[in-house]
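Naming: A, B, ... by sequence-line order, numbering from 1 per chain. Only this structure's heavy atoms are used, side chains among them; waters, hydrogens and symmetry mates stay out.
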Amino acid sequence: MQHWLFKSEPATFSIDDLATATGKSTCWDGVRNYQVRNFMRDVMQPGDLGFFYHSSCAVPGITGIVSITSNAYTDNTQFDPGHVHYDADSKPESPRWLMVDVKLKRKLKRIITLDELREHHHRLKELLILKRGNRLSVTPLSSDEWNYILGLE
DNA sequence: GCCAACGTTGGC
DNA sequence: GCCAACGTTGGC
C-alpha cells in the first residue's frame, strides 16, 4: 500500500467540505499535471491512504486522512468548455486527464502545521512538501514518513 | 532540441 | 501583493 499527500486550498475545497460528504466518495478532479496524472494512473490503488493538506491559507498543514476508493478514470471536466479545467487539446477518444475518488477517513485531532513539519526536518528531510519549489498537488511519501507524522498528532 | 517567455503555485 | 520556483509553450 502506498501513502500520499493531497494538497487543497481550503478556500476552494477544505477538510470540512470533505467531511460534509461523510461516508461518500468525492472525485479529485482538476489534476492537470502529467507527473500527478501518472502517479494516479500507474501507482495509486484503491485502499491507499493519503494526508489531506491545506495550502495557500493562514495555517498551512495536514488536517485529515483520506482513503482512495477508486482506480484512475477519465476526468470529464477536461471536455467542458465552460469549466475552469477545460483542456481544448484533450480528445474524448484519448482523454489526457484522469482522477480518482477519495473519502474522508477522519479529521486529525489537530492540524499538524507546515511549521511543525519543518521542525522535524531531520526526520522528514525527504518529504516533498517541504522541498523548496515543490508544486505537485499530489505527492507520495514513505511508510516511515507517514507513521512518523501520525505520531506527531 | 534549445531556451526564453509566460502562467501558476504557494509561502510569506 | 510579492516573488521564487517550476512546468509548459512556442519560435527558431
Write down the protein N/O and nucleotide N/O pairs, taken from nucleotides 1-5 of chain B, whose separation is under 3.5 Å; answer none if there are no such pairs.
none

Note to self: Filter on salt bridge (Lys or Arg N to Asp or Glu O under 4.0 Å), then keep only pairs touching residues 139-150 of chain A, sequence neighbours left out; what's left?
What the structure shows: none

Next item on the list: Tell me whether the centres of the aromatic rings in A:F51 and A:W4 are closer together than 6.0 Å.
Entry: no

Next item on the list: Would you confirm whether the ring centroid of A:W97 sits within less than 6.0 angstrom of the ring centroid of A:Y34?
Entry: yes

Margin query: With no hydrogens and no angle check, just 3.5 Å: does a side-chain donor-acceptor pair link A:T77 and A:R32?
Written below: yes

Note to self: Measuring from atom CG of A:L108 to atom CD1 of A:I15, what distance do you get when rounded to the nearest 0.5 angstrom?
What the structure shows: 7.5 Å

Give me the distances for all protein-to-nucleotides 8-12 of chain B N/O pairs that come in under 3.5 Å?
residue	atom	partner	partner atom	Å
B:dT8	O2	A:R135	NH2	2.8
B:dG10	OP1	A:K7	NZ	2.4
B:dG11	OP1	A:Y53	OH	2.9
B:dG11	OP2	A:S56	N	2.8
B:dC12	OP1	A:R118	NH1	2.9

Next item on the list: Assess the side chains of A:Q78 and A:S90: does a donor N or O sit below 3.5 Å from an acceptor N or O?
Entry: yes

Item checked: Pairing of A:K107 and A:E153 as salt bridge, 4.0 angstrom limit -> no

